[in-house]
Amino acid sequence: MGTSGGLARFDYGKDQWTVFDTINSGLPDNFIRSLVQISDRSVWVGTSGGLAHFDYEKNQWTVFNMDNIGLSYNDIYSPVQASDGALWVGTLGGLAHFDYEKNQWTVFSTDNSGLPGSVLSLVQASDGALWVGTLYGLVRFDYEKNQWIIFNTVNSGLPNDN
């Protein structure tokens with residue numbers, strides 16, 4: 001569970017909590033915005049200071065942020081594992097995609113994509129498209145076609161762009 005004071009994990013077998021924070025783990029910040037456990041049982045944690053990855057098998061933390069993958073901001077929202085196994089991450093500066101096979105990050109911002117602004121939420125649809133909730137509308141992104149479609153109060157029935 002993510003909190004503003006770190007990450008908390010409950011072990012049912014031991015009936016006890018373990019807290020991970022900047023002092024006893026590799027977390028870059030204690031304000032946990034989001035987290036997702038992916039199919040390899042590792043955990044991606046979105047914080048105010050970047051994205052942290054915890055690998056259970058290696059008992060190892062790795063931090064990704066503006067300095068090492070070119071994010072525009074370190075505030076991380078909504079990590080999502082895609083159906084192809086890739087990881088998508090929303091940030092205040094855009095969207096980041098991690099391809100496990102290539103061990104490569106691709107960063108999408110308002111400068112290099114059809115993204116209208118800060119990303120607050122993500123979900124992948126059954127057809128593979130990524131739906132991106134931003135401050136300036138809802139975006140449907142087809143990664144294979146590199147196609148961005150923006151829905152907002154001007155061109156759709158959305159009650160608000162945020």
Side-chain angles (χ1 to χ4, degrees), residues 1-4 7-9 26-56 61-162:
M1 169 175 46
T3 74
S4 60
L7 186 65
R9 179 177 179 216
L27 287 173
D29 191 275
N30 286 332
F31 193 105
I32 310 300
R33 295 191 179 280
S34 56
L35 61 109
V36 64
Q37 181 173 321
I38 61 170
S39 57
D40 70 357
R41 290 195 23 155
S42 65
V43 176
W44 291 89
V45 183
T47 77
S48 295
L51 179 68
H53 177 249
F54 181 67
D55 185 322
Y56 285 112
W61 289 89
T62 306
V63 175
F64 301 95
N65 56 33
M66 293 168 56
D67 297 331
N68 61 5
I69 63 170
L71 295 175
S72 301
Y73 289 88
N74 282 331
D75 291 301
I76 306 295
Y77 295 84
S78 304
V80 171
Q81 184 178 24
S83 58
D84 66 357
L87 181 75
W88 287 96
V89 179
T91 78
L92 287 181
L95 190 61
H97 174 263
F98 181 64
D99 184 323
Y100 281 95
E101 289 180 17
K102 295 178 183 175
N103 193 31
Q104 177 181 331
W105 285 94
T106 304
V107 177
F108 300 93
S109 68
T110 55
D111 296 334
N112 70 357
S113 73
L115 201 58
S118 298
V119 175
L120 302 177
S121 60
L122 300 171
V123 68
Q124 186 179 35
S126 58
D127 67 356
L130 190 67
W131 286 90
V132 184
T134 77
L135 291 174
Y136 306 103
L138 180 64
V139 179
R140 184 184 187 282
F141 178 50
D142 185 325
Y143 181 66
E144 297 299 319
K145 297 178 184 175
N146 194 29
Q147 181 182 43
W148 302 82
I149 301 171
I150 300 170
F151 300 91
N152 55 37
T153 56
V154 174
N155 68 4
S156 73
L158 289 176
N160 188 294
D161 288 338
N162 186 352

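Quick caveat, the model's predicted, so the values are computed rather than measured.
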- Query: Under the 3.5 angstrom rule, does the side chain of Q81 hit a backbone N or O of V36 as a donor-acceptor pair?
  - Reply: no
- Task: Measure the spacing between OG1 of T3 and CG of N30 and express it to the nearest 0.5 Å.
- Result: 7.5 Å
- Message: Distance check, rounded to the nearest 0.5 Å: H97 atom NE2 versus L130 atom CG?
- Response: 9.0 Å
- Query: Is a donor on one side and an acceptor on the other found under 3.5 Å between the side chain of N74 and the backbone of M66?
  - Reply: yes
- Note on the structure: One should read off an interatomic distance between N160 CG and L135 CG, to the nearest 0.5 angstrom, of 10.0 Å
- Message: Are D84 and Y100 packed together at the side-chain level, in the sense that at least one heavy-atom pair is separated by less than 4.5 angstrom?
- Response: no
- Task: For residues L158 and F151, determine if any side-chain heavy atom of one lies less than 4.5 Å from a side-chain heavy atom of the other.
- Result: yes
- Message: With a 4.5 Å cut-off on side-chain heavy atoms, are L138 and W131 touching?
- Response: yes
- Please examine the side chains of D142 and R140, heavy atoms only from C-beta on, and report whether any two atoms are closer than 4.5 Å. yes
- Query: Is any side-chain heavy atom of D55 closer than 4.5 Å to a side-chain heavy atom of T62?
  - Reply: no
- Rounded to the nearest 0.5 Å, how far does OG1 of T106 lie from CG of L95? 10.0 Å
- Message: Return the CG to CD1 distance between L27 and I32, rounded to the nearest 0.5 Å.
- Response: 5.0 Å
- Where does the angle between the aromatic ring planes of F141 and W148 fall among parallel (under 30°), tilted (30 to 60°) and perpendicular (over 60°)? parallel
- Correct closest heavy-atom pair for D29 and G49 would be CB-N, 3.4 Å
- Item | Greater than 12 external heavy atoms within 6.0 Å of E101's CD | no
- Residue pair S109 / S72: nearest heavy atoms and the distance that separates them: CB-OG, 4.3 Å
- Message: Could you tell me if the side chain of W44 sits less than 4.5 Å from the side chain of L51, heavy atoms only?
- Response: yes
- Note on the structure: In terms of heavy-atom contacts, L71 and F64 come closest through CD1-O, 4.4 Å
- Task: I would like to know whether I76 and L92 meet side-chain contact (heavy atoms from CB on, under 4.5 Å); could you show each step before the answer?
- Result: CA-CA 7 Å; I76 306 295; L92 287 181; over 6 Å; no
- Message: Can you confirm whether D75 sits close enough to S48 that some side-chain heavy atom of one is under 4.5 Å from a side-chain heavy atom of the other?
- Response: yes
- Query: Which pair of non-hydrogen atoms, one from N155 and one from N152, has the smallest distance, and what is that distance?
  - Reply: OD1-N, 2.8 Å
- Message: A side-chain contact here means heavy atoms from C-beta on lying under 4.5 Å apart; do Y77 and L122 qualify?
- Response: no
- Might you point out which heavy atoms bring V107 and N112 nearest each other, and give the distance in Å? O-ND2, 2.9 Å
